[in-house]
Amino acid sequence: MRVIGVIDLRAGMAVHARGGDRDGYEPVQSRLVSPDQAGDAAALARAYRDRAKVAEIYGPTLDAITGATAVPQD
């Protein structure tokens, strides 16, 4: 079976995209990464690869849906 991980991106952060409430999307908090890495898309992708053994990751940018420019947040 082919498993593809999905990391939704908004403003450069990994977010929980649920229910279409774009203003309510929160940074991803996962057991695969430390709490201080919440929303860190690169850390989450590495964890998918290294810890969950997911070889492929799809990273749609939700900014494109709204026409916004993706600007990473610090």
Side-chain angles (χ1 to χ4, degrees):
M1 177 187 341
R2 182 177 175 192
V3 176
I4 301 172
V6 177
I7 300 174
D8 292 314
L9 302 169
R10 182 174 183 203
M13 294 191 68
V15 295
H16 283 289
R18 295 185 191 155
D21 178 20
R22 292 183 185 103
D23 291 331
Y25 291 171
E26 296 290 329
V28 171
Q29 295 180 11
S30 171
R31 295 179 192 181
L32 295 175
V33 296
S34 64
D36 64 313
Q37 293 177 310
D40 185 331
L44 189 56
R46 282 191 300 274
Y48 276 1
R49 180 194 66 207
D50 298 341
R51 297 183 64 197
K53 306 302 181 203
V54 175
E56 295 180 71
I57 299 172
Y58 170 58
T61 176
L62 303 176
D63 300 304
I65 294 171
T66 61
T69 302
V71 178
Q73 297 179 4
D74 293 328

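Everything numeric here is computed off the predicted structure, so don't read it as measured data. Any value given below was found using the heavy atoms of this structure, including those in side chains, with hydrogens, waters and symmetry copies removed.
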Visitor: If you look at every heavy atom in Ala41 and Gly12, which pair is closest and at what distance?
Guide: CB-O, 4.5 Å
Visitor: Name all residues meeting the side chain to side chain donor-acceptor pair (under 3.5 Å) criterion together with Arg18; count only those two or more places apart in sequence or in a different chain, and write none if there are none.
Guide: His16
Visitor: Would you give the length of the straight line joining atom CD1 of Ile7 to atom OG1 of Thr61, rounded to the nearest 0.5 angstrom?
Guide: 12.5 Å
Visitor: Under the side chain to side chain donor-acceptor pair (under 3.5 Å) rule, what pairs show up with a residue in residues 36-49, not counting sequence neighbours?
Guide: Ser34-Asp36, Ser34-Gln37
Visitor: Find out whether Pro60 and Asp8 are in side-chain contact, i.e. whether some heavy atom of one side chain is under 4.5 Å from a heavy atom of the other.
Guide: yes
Visitor: Where do Arg10 and Val15 come nearest, in terms of heavy atoms and distance?
Guide: CB-CG2, 3.9 Å
Visitor: Hydrophobic cluster membership, with links at side-chain heavy-atom distances under 4.5 Å among I/L/V/M/F/W/Y: are Leu44 and Met13 in one?
Guide: no
Visitor: Could you tell me which non-hydrogen atom of Ala43 sits nearest to which non-hydrogen atom of Val33, and how far apart they are?
Guide: O-CG1, 3.7 Å
Visitor: Please report the shortest heavy-atom distance between Asp63 and Ala11, naming the atom on each side.
Guide: OD2-N, 2.9 Å
Visitor: Just list the side-chain donor-acceptor pairs under 3.5 Å for residues 52-59, sequence neighbours left out, or say none.
Guide:
| unit_1 | atom_1 | unit_2 | atom_2 | d |
| --- | --- | --- | --- | --- |
| Lys53 | NZ | Asp50 | O | 2.8 |
| Glu56 | OE1 | Arg2 | NH2 | 2.9 |
| Glu56 | OE2 | Arg2 | NE | 2.9 |

